[in-house]
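Written below as structure tokens is the structure these notes are about.
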Amino acid sequence: MIKLTLKDGSVKEIEAAMPAAEVVKGIGMGLYKSACCVKLDGQVCDLRTTINKDCTFEVMTFDSEEGKRTFWHTASHVLAQAVKRLYPNVKLAIGPAIEGGFYYDFDTEKAFTADDLTALEAEMKKIVKEDIAIEQFGLPADEAKAMLEKMGEPYKVELCAEHAGKGEDISFYRQGDFTDLCAGPHLMSTAAVKAFKLTACTGAYWRGDAKGKQLSRIYGTAYPKASQLEEHLKAAEEAKKRDHNKLGRELEYFTTVDYIGQGLPILLPKGARVIQILQRWVEDVEQKHGYLLTKTPYMAKRELYKISGHWDHYLDGMFVLGDPHDETKECFALRPMTCPFQYQVFLNRARSYRDLPMRLGETSTLFRNEDSGEMHGLIRVRQFTISEGHLILRPEQLEEEFKDCLELAKYMLDTVGLLDKCTFRFSQWDPANPKNKYEGTAEQWEEAQAAMKKILDHLGLEYTIGIDEAAFYGPKLDIQYKNVYGKEDTLVTIQIDMLLAEKFGMEYTDVDGKKRMPYIIHRTSLGCYERTLAYLIETYAGALPLWLSPEQVRILPVTDRAAEYCQKVLEKLEARGIRATVDSRKEGVGYKIRQAQLDKIPYFFIVGDKEAEEGTLSLRSRSEGDLGAKPMDEVLERIFRENDEKVR
RNA sequence: GCUGUCUUAGCUCAGUUGGUAGAGCACAUCCUUGGUAAGGAUGAGGUCGUCGGUUCAAAUCCGAUAGACAGCUCCA
């Protein structure tokens with residue numbers, strides 16, 4: 001007798017060992033039909049797994065993350081089968097489930113294009129209709145290798161070789177004429193993959209190595225029901241409408257010009273205004289947090305970057321003025337970071353422990369010659385301005401100061417309304433990194449990472465770990481944000497650096513009169529203003545909170561008889577620092593309202609004879625619509641109050 | 001940098017198998033003083049991203065190049 005503890009706590013007994021699928025059938029055929037995989041003692045397992053001992057038994061449907069992944073993984077096999085049927089010479093690489101769907105990488109003579117997807121979808125439809133049973137089998141490593149070689153799948157042979165060392169059988173899945181090396185789990189039949197769509201085809205490197213072979217990747221998504229697929233595709237369409245790269249241009253926050261160059265956006269008056277508001281606010285808040293404002297040069301001689309190590313690591317990514325390799329002549333480079341410039345402030349004279357912590361802040365413009373394929377709207381650019389800062393510390397100050405940096409960043413992200421959707425990543429080095437990216441000794445890295453881990457754990461911060469995501473000089477805490485396409489970038493970073501101080505000969509005299517080397521925290525509070533603006537536009541769909549709106553109030557006169565009254569109201573608004581305009585064009589009030597609404601102005605006043613006479617304002621908000629006529633002071637007071645609150 | 005797609009008026013897009021370009025919005029002028037999401041009329045605006053090639057003839061076909069988009073790789 002085998003005892004299975006179900007999700008609801010009840011116990012189901014089975015007479016003898018049997019596949020999980022049979023157990024699920026026993027619970028109910030309805031459940032079996034929607035089952036994707038099972039969790040046995042918390043482990044995700046295939047429905048084919050034989051149950052031969054007591055365990056907890058949980059059935060995972062498409063509603064669960066694990067169920068989705070199994071479903072999408074099978075969908076990727078259906079895709080691969082279709083590709084093999086239509087293009088027998090194509091070689092298979094890998095085809096995992098990912099967030100929101102799946103992809104499969106293929107090695108093909110000619111890369112797939114959007115036109116090929118239609119034919120592939122049709123073939124997939126056939127495979128689903130054929131209701132092909134999916135079977136799993138294992139082979140000893142040498143037999144597996146021989147079979148894959150016979151099948152002519154070099155990438156699979158390579159993957160097989162990797163698994164061979166473990167001494168276990170190599171797992172395969174077969175569905176009719178298609179067999180794939182795969183650890184699973186998978187659905188029981190192709191029939192379940194009812195609604196699917198191939199969404200994109202792109203290039204992707206084998207094993208993520210840009211020097212390696214480039215494969216042709218097909219992305220797709222799939223659902224049990226057509227209605228779910230429709231819903232997903234619709235949601236993706238809706239998300240695209242918030243794309244800052246589109247909306248930001250439409251609303252005239254920024255633009256780009258071919259002959260200025262890639263990654264060099266022009267901030268139009270609205271975008272420039274928002275960034276100015278953010279900058280002034282950040283500088284003021286940082287001052288209150290004890291930061292000393294600095295202003296350092298935008299370029300330096302090559303020698304500075306040689307000391308810092310950036311010359312060796314990032315020469316290709318710098319804008320160099322002069323011949324970088326001609327040592328007989330002076331050579332400058334635009335700065336790609338602020339660190340070594342700001343260190344000079346500390347180095348200006350001999351320092352004592354009494355000077356520490358020294359918190360340096362700067363609104364710093366940086367230049368990085370990104371690869372041509374990297375630029376994206378305001379998110380990835382070649383010139384950007386960051387709320388940069390470096391803290392120079394005694395080692396015992398590290399924890400408290402790091403905590404303050406994090407608190408400050410969280411406060412700022414919360415105030416602008418981005419914190420809710422941020423995630424935290426502890427970016428560590430990879431001791432096995434083949435690119436030889438990291439400097440310093442293993443001991444130094446272990447020390448810095450242990451220090452950061454301790455701090456993060458003390459704070460109880462939830463974070464993921466990013467191996468090989470560290471800077472060359474130290475580990476980072478990255479605050480990540482996703483754009484409307486789901487692509488993640490770093491919004492804010494706080495880094496511990498135990499290496500650069502030594503390179504620059506930074507030291508302080510400690511209490512005991514001995515010279516010691518400080519620790520350094522590299523940090524930003526609100527990140528790059530361009531990127532932050534991009535995320536604000538996407539998060540708010542262009543309707544920025546009142547305090548960040550470039551134009552906060554627009555006054556719409558109904559007739560020019562109200563001009564004088566409008567002017568009076570405008571002056572009252574301006575006296576309190578509200579950014580307001582009067583739309584005095586000779587247009588109908590309906591037309592002006594439509595314009596104000598499309599421009600996403602937070603509040604607008606409709607002002608005609610009635611209001612001028614009664615001393616009122618007809619208030620309209622972009623979100624609540626017509627709010628009716630109210631006494632002028634009441635309306636103004638409401639706006640002043642909301643503006644001061646920085647409410648979202 | 002790599003793979004794929006794309007580039008026609010300020011914006012969104014039409015433009016049949018090659019025969020030197022159209023619409024809507026926006027803009028300008030005039031009329032309209034109009035009350036909660038588009039009042040009317042007229043007009044201006046394009047060497048079809050750029051350069052080169054094929055052709056009697058190129059927005060249309062070919063090549064190069066610059067931008068844009070998605071993904072990969074990179075991101076101090």
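Just so it is clear: chains get the letters A, B, ... in the order the sequence lines come, proteins before strands, and each one is counted from 1.
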* Round to the nearest Å and state the distance from A/E374 atom CD to B/rA70 atom P. => 12 Å
* To do: Give none if B/rA57 has no partner; otherwise give the nucleotide forming a Watson-Crick or G-U wobble pair with it, both distances under 3.5 Å.
  => none
* Could you give me the CA-CA distance, side-chain angles and deciding distance for A/F106 and A/F112, then say whether ring pair (Phe, Tyr, Trp, His ring centres under 6.0 Å) is met? => CA-CA 9 Å; A/F106 305 97; A/F112 289 117; 5.8 Å; yes
* Asked: Which residue pairs satisfy the salt bridge (charged side-chain N to carboxylate O under 4.0 Å, His left out) criterion with at least one member in residues 556-570 of chain A, sequence neighbours excluded?
  -> A/R561-A/D609
Give every donor-acceptor pair under 3.5 Å between a side-chain atom in residues 593-602 of chain A and any protein atom, sequence neighbours left out.
{"from": "A/Q597", "atom 1": "NE2", "to": "A/R622", "atom 2": "O", "distance (Å)": "2.8"}
{"from": "A/D599", "atom 1": "OD2", "to": "A/R554", "atom 2": "NH1", "distance (Å)": "3.2"}
{"from": "A/D599", "atom 1": "OD2", "to": "A/R554", "atom 2": "NH2", "distance (Å)": "3.0"}

* Base-pairing assignment for B/rU29 (Watson-Crick or G-U wobble, both under 3.5 Å) -> B/rA41
* Distance, rounded to the nearest Å, where A/L304 contributes CG and B/rA76 contributes C1' -> 13 Å
* To do: Using whole Å, report how far CD1 of A/I266 lies from C1' of B/rG67.
  => 14 Å
With 3.5 Å as the limit, what N/O pairs link the protein to nucleotides 9-13 of chain B?
none

* **Electrostatic pair A/R585:A/D583 at N-O distance under 4.0 angstrom** => yes
* Asked: Considering only the P atoms, how many Å lie between B/rG40 and B/rG35, rounded to the nearest integer?
  -> 15 Å
* To do: Tell me what A/A114 touches on the nucleic acid: a base, only sugar-phosphate, or nothing, going by heavy atoms under 4.0 Å.
  => nothing
* To do: Quote, to the nearest angstrom, the C1' distance that separates B/rA28 from B/rG10.
  => 14 Å
* In a check of side-chain contact (heavy atoms from CB on, under 4.5 Å) between A/T464 and each of A/Q480, A/R425, A/E469, which one passes? -> A/R425
* **Nearest-Å distance for atom pair CD/P, residues A/E370 and B/rA68** => 13 Å
* Asked: Nearest nucleotide by nearest heavy atom, which residue falls closer to the 5' end of RNA chain B, A/F112 or A/P557?
  -> A/F112
* Structure fact -> Separation of B/rC74 atom C1' from A/D478 atom CG, nearest Å, is 15 Å
* **Donor-acceptor pair under 3.5 Å, A/R368 side chain vs B/rC74 base** => no
* To do: Starting at atom CE of A/M375, determine the distance to atom C1' of B/rA68, rounded to an integer number of angstrom.
  => 12 Å
* What is the nucleic acid contact for A/Y485, judged by heavy atoms within less than 4.0 Å: base, sugar-phosphate only, or nothing? -> sugar-phosphate
* **Pair partner, B/rG34 [Watson-Crick or wobble, under 3.5 Å]** => none
* Report which part of the nucleic acid A/K476 touches: base, sugar-phosphate, or nothing (heavy-atom distance under 4.0 Å, all strands). => sugar-phosphate
* To do: Please state the P separation for the pair B/rC62 and B/rG4 - nearest whole angstrom.
  => 15 Å
* Structure fact -> By salt bridge (Lys or Arg N to Asp or Glu O under 4.0 Å), A/R380 pairs with (sequence neighbours left out) A/E370, A/E374
* Counter-base of B/rA14, judged by Watson-Crick or G-U geometry with both distances under 3.5 Å -> none
* To do: Would you kindly compare A/P336 and A/D243 by the position of their nearest RNA chain B nucleotide and give the one closer to the 5′ end?
  => A/D243
* **Partner set under salt bridge (Lys or Arg N to Asp or Glu O under 4.0 Å) for A/E238, not counting sequence neighbours** => A/K241
* **Nucleotide B/rG35, atom C1' - distance to CG of A/D560 in whole Å** => 15 Å
* In the 5'-to-3' direction, what one-character label does each nucleotide of nucleotides 36-41 of chain B receive under the scheme B = base within less than 4.0 Å of a protein heavy atom, S = sugar-phosphate only, - = no such atom? -> BBBB--
* Structure fact -> By side-chain hydrogen bond (donor to acceptor under 3.5 Å, both in side chains), A/S623 pairs with (sequence neighbours left out) A/S621
* With sequence neighbours excluded, give me every ring pair (Phe, Tyr, Trp, His ring centres under 6.0 Å) pair touching residues 478-505 of chain A. => A/Y343-A/F504, A/Y481-A/Y535
* **P atoms of B/rG63 and B/rU5, separation to the nearest Å** => 12 Å
* Just checking, is any N or O donor in the side chain of A/R531 or A/T490 under 3.5 Å from an acceptor N or O on the other one? -> no
* Give A/G208 one of three labels, base, sugar-phosphate or nothing, depending on what nucleic acid heavy atoms sit under 4.0 Å from its own. => sugar-phosphate
* Quantified in whole Å, what is the C1' atom distance between nucleotide B/rA38 and nucleotide B/rG24? -> 12 Å
* Asked: Side chains of A/Q495 and A/Y473: is there a donor and an acceptor less than 3.5 Å apart?
  -> yes
* To do: Quick one: list whatever passes salt bridge (Lys or Arg N to Asp or Glu O under 4.0 Å) with A/R335, sequence neighbours left out.
  => A/E362
* To do: Return the set of residues passing side-chain contact (heavy atoms from CB on, under 4.5 Å) with A/Y205 (not counting sequence neighbours), or none when no residue passes.
  => A/A210, A/Q214
* Asked: If you look at every strand shown and take non-hydrogen atoms under 4.0 Å, does A/D209 touch a base, only sugar-phosphate, or nothing?
  -> nothing
* **P-based separation of B/rC56 from B/rA70 [nearest Å]** => 43 Å
Which protein N or O atoms sit under 3.5 Å from an N or O of nucleotides 60-66 of chain B?
none

* **Watson-Crick or G-U wobble partner of B/rG46, both distances under 3.5 Å** => none
* Asked: Listed by chain and number, what are the salt bridge (Lys or Arg N to Asp or Glu O under 4.0 Å) partners of A/K91, not counting sequence neighbours?
  -> none
* Asked: Across the strands shown, which category fits A/K592 at heavy-atom distances under 4.0 angstrom: base, sugar-phosphate, nothing?
  -> nothing
* Separation between the P atoms of B/rG49 and B/rA26, rounded to whole Å -> 26 Å
* To do: Using a 4.0 Å heavy-atom cut-off across all strands, classify A/H522 as base, sugar-phosphate, or nothing.
  => nothing
* Asked: When you compare B/rU55 with B/rC74, how far apart are their C1' atoms, in angstrom units rounded to a whole number?
  -> 45 Å
* Asked: With both distances under 3.5 angstrom, what nucleotide forms a Watson-Crick or G-U wobble pair with B/rA21?
  -> none
* **For atom CD1 of A/I218 and atom P of B/rU5, their distance in whole Å** => 13 Å
* **Aromatic A/Y253 / basic A/K270 pairing, under 6.0 angstrom, 45° off normal** => yes
* To do: Indicate, with a heavy-atom threshold strictly under 4.0 Å, whether A/H310 touches base, sugar-phosphate, or nothing.
  => base
* Nucleotide paired to B/rA68 in any strand shown, Watson-Crick or G-U, under 3.5 Å -> B/rU5
* To do: Any strand is fair game: report the nucleotide pairing with B/rC51 by Watson-Crick or G-U wobble, both distances under 3.5 Å, or none.
  => B/rG63
* Contact class for A/A111 (heavy atom, under 4.0 Å): base, sugar-phosphate, or nothing? -> sugar-phosphate
* Asked: When we call it a touch if two heavy atoms are under 4.0 Å apart, what does A/S372 touch: a base, just sugar-phosphate, or nothing?
  -> base
